[in-house]
Amino acid sequence: MSKNVLIISTSLRKGSNSEILADAFAKGAKQKDNHVEKISLCDKTIHFCKGCLACLKTQRCVMHDDADMIAQKMRHADVIVFATPIYYYEMSGQMKTMLDRSNPLFESDYAFRDIYLLATAAEEEKSAMDGAIKGLKGWIDCFEKCALKGVVYGLGADTAGSVEGTPAVEEAYEMGKRV
């Protein structure tokens, strides 16, 4: 059965290492006839959440920037994939801000069940991703119908494009084929 897959690439650099993983995942998911949409945050306007909680009543954010549109796409996706560079052992600030801005989904009838994380870091140890995984799991814990289904560790990606040709790219592709 075909799924609606939304990939959110959170790096602010076009063609970044994490975006390379996002593209590999997309290629694999498309090969299995899924509907795949990739959104890059690098050209989006996303303001910080104000914490007003009006969205819990309206299921829409009172700020009408790109995050509101992305959150609505998240609501209808069966699968959400986050691709992020690791900054100081954590997800990118853009990713965290987008997670915060998805608050309108909290009490909605959201479709997503499967969440994936594609992360790249200059470090060679998987533990460099622990903060990002913990942060994403905290978000997932608020949405009881979904679960973290997989993580790709793009390690040793210390310069632009250096993730190319690493096992992480093939892992992202294969993970995409399994959605």
Side-chain angles (χ1 to χ4, degrees), residues 1-12 14-47 49 55-61 63-85 91-92 94-120 132-133 135-154 168-179:
M1 184 170 110
S2 179
K3 293 184 180 178
N4 183 16
V5 179
L6 179 65
I7 301 171
I8 302 173
S9 179
T10 70
S11 177
L12 295 183
K14 288 185 187 281
S16 69
N17 287 310
S18 58
E19 189 166 38
I20 291 168
L21 294 183
D23 290 341
F25 190 103
K27 183 178 177 184
K30 285 177 185 175
Q31 192 171 30
K32 293 296 183 180
D33 293 326
N34 293 297
H35 174 266
V36 179
E37 180 179 3
K38 185 180 91 173
I39 296 174
S40 177
L41 299 186
C42 72
D43 58 353
K44 302 292 186 257
T45 300
I46 300 177
H47 300 292
C49 179
C55 62
L56 295 180
K57 291 182 180 138
T58 65
Q59 296 184 351
R60 294 298 297 258
C61 186
M63 294 184 288
H64 300 290
D65 60 4
D66 292 319
D68 182 51
M69 172 271 302
I70 294 167
Q72 296 309 308
K73 287 180 180 281
M74 291 169 69
R75 176 191 320 270
H76 300 293
D78 300 307
V79 176
I80 301 175
V81 182
F82 294 98
T84 186
M91 69 182 75
S92 69
Q94 305 81 250
M95 180 172 160
K96 175 62 171 116
T97 300
M98 189 60 237
L99 291 176
D100 291 346
R101 290 293 305 283
S102 68
N103 201 57
L105 306 178
F106 181 66
E107 293 186 1
S108 75
D109 185 24
Y110 57 88
F112 54 89
R113 299 296 182 262
D114 299 345
I115 308 295
Y116 293 87
L117 177 65
L118 313 173
T120 57
I133 294 167
L136 182 57
K137 282 183 176 177
W139 180 82
I140 290 168
D141 286 347
C142 296
F143 296 93
E144 61 188 34
K145 295 185 282 185
C146 72
L148 182 61
K149 294 293 186 172
V151 177
V152 172
Y153 297 85
V169 177
E170 183 64 21
E171 288 171 36
Y173 170 74
E174 290 296 328
M175 194 174 283
K177 283 176 40 178
R178 290 191 300 271
V179 294

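The structure displayed is predicted, hence computed values, not measured ones. Position 1 is the first residue of the sequence, and the numbers go up from there.
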Just wondering, do [Y] and [X] contact through their side chains at under 4.5 Å, heavy atoms?
X      : Y      : result
Thr10  : Pro85  : yes
Lys38  : Val5   : no
Leu117 : Val81  : no
Lys149 : Ile115 : no
Ile7   : Ile39  : no

What distance do [X] atom [atom1] and [Y] atom [atom2] have between them, rounded to the nearest 0.5 Å?
X      : Y      : atom1 : atom2 : value
Glu37  : Ile8   : CD    : CD1   : 9.5 Å
Arg60  : Ser108 : CZ    : OG    : 11.5 Å
Ser2   : Lys30  : OG    : NZ    : 12.5 Å
Leu41  : Glu19  : CG    : CD    : 10.0 Å
Leu105 : His76  : CG    : NE2   : 9.0 Å
Thr45  : Met69  : OG1   : CE    : 10.0 Å

Is a donor on one side and an acceptor on the other found under 3.5 Å between the side chain of [X] and the backbone of [Y]?
X     : Y     : result
Thr97 : Gln94 : no
Gln31 : Lys27 : no
Asn34 : Ala29 : yes
Asn4  : Asp78 : no

### Message
Less than 3.5 Å apart, any donor N or O on the side chain of Ser18 or Thr84 sitting next to an acceptor on the other?
### Response
no
### Query
Would you say the side chains of Ser9 and Ser40 form a donor-acceptor pair under 3.5 Å?
no
Contact summary for [X] and [Y], nearest pair of heavy atoms:
X      : Y      : result
Gln59  : Glu107 : NE2-O, 3.2 Å
Cys146 : Ile140 : O-CG2, 3.7 Å
Tyr116 : Met175 : CD2-SD, 3.3 Å
Asp114 : Lys3   : OD2-NZ, 3.6 Å
Pro104 : Arg101 : CD-O, 3.1 Å
Asp66  : Asp43  : OD2-O, 4.4 Å

### Task
Answer yes or no: are there more than 12 heavy-atom neighbours, outside Lys96 itself, under 6.0 Å from its atom NZ?
no
### Task
Might you confirm whether atom NZ of Lys145 has over 12 heavy atoms from other residues, nucleotides or ligands at distances under 6.0 Å?
yes
### Message
I'd like to know whether Arg75 forms a side-chain contact (heavy atoms from CB on, under 4.5 Å) with Asp109, so could you lay out the CA-CA distance, the side-chain angles of the two residues, the decisive distance to 0.1 Å, and finally the verdict.
### Response
CA-CA 8 Å; Arg75 176 191 320 270; Asp109 185 24; over 6 Å; no
### Distance flag, aromatic centroids of Tyr173 and Phe25, threshold under 6.0 Å
no
### Message
Before you tell me yes or no, could you show the steps for Leu118 and Tyr153 under side-chain contact (heavy atoms from CB on, under 4.5 Å), namely the whole-Å CA-CA distance, both residues' side-chain angles and the distance that decides it to 0.1 Å?
### Response
CA-CA 7 Å; Leu118 313 173; Tyr153 297 85; over 6 Å; no
### Parallel, tilted or perpendicular: rings of Phe143 and Trp139 (30°, 60°)
tilted
### Message
Run the side-chain contact (heavy atoms from CB on, under 4.5 Å) test on Val179 and Lys32 for me, step by step, so that the C-alpha distance in whole Å, both residues' side-chain angles and the decisive distance to 0.1 Å come before the verdict.
### Response
CA-CA 8 Å; Val179 294; Lys32 293 296 183 180; over 6 Å; no
### Task
Report the C-alpha separation of Leu6 and Val79 in whole Å, then their side-chain angles, then the decisive distance to 0.1 Å, and conclude whether the side-chain contact (heavy atoms from CB on, under 4.5 Å) test is met.
CA-CA 6 Å; Leu6 179 65; Val79 176; over 6 Å; no
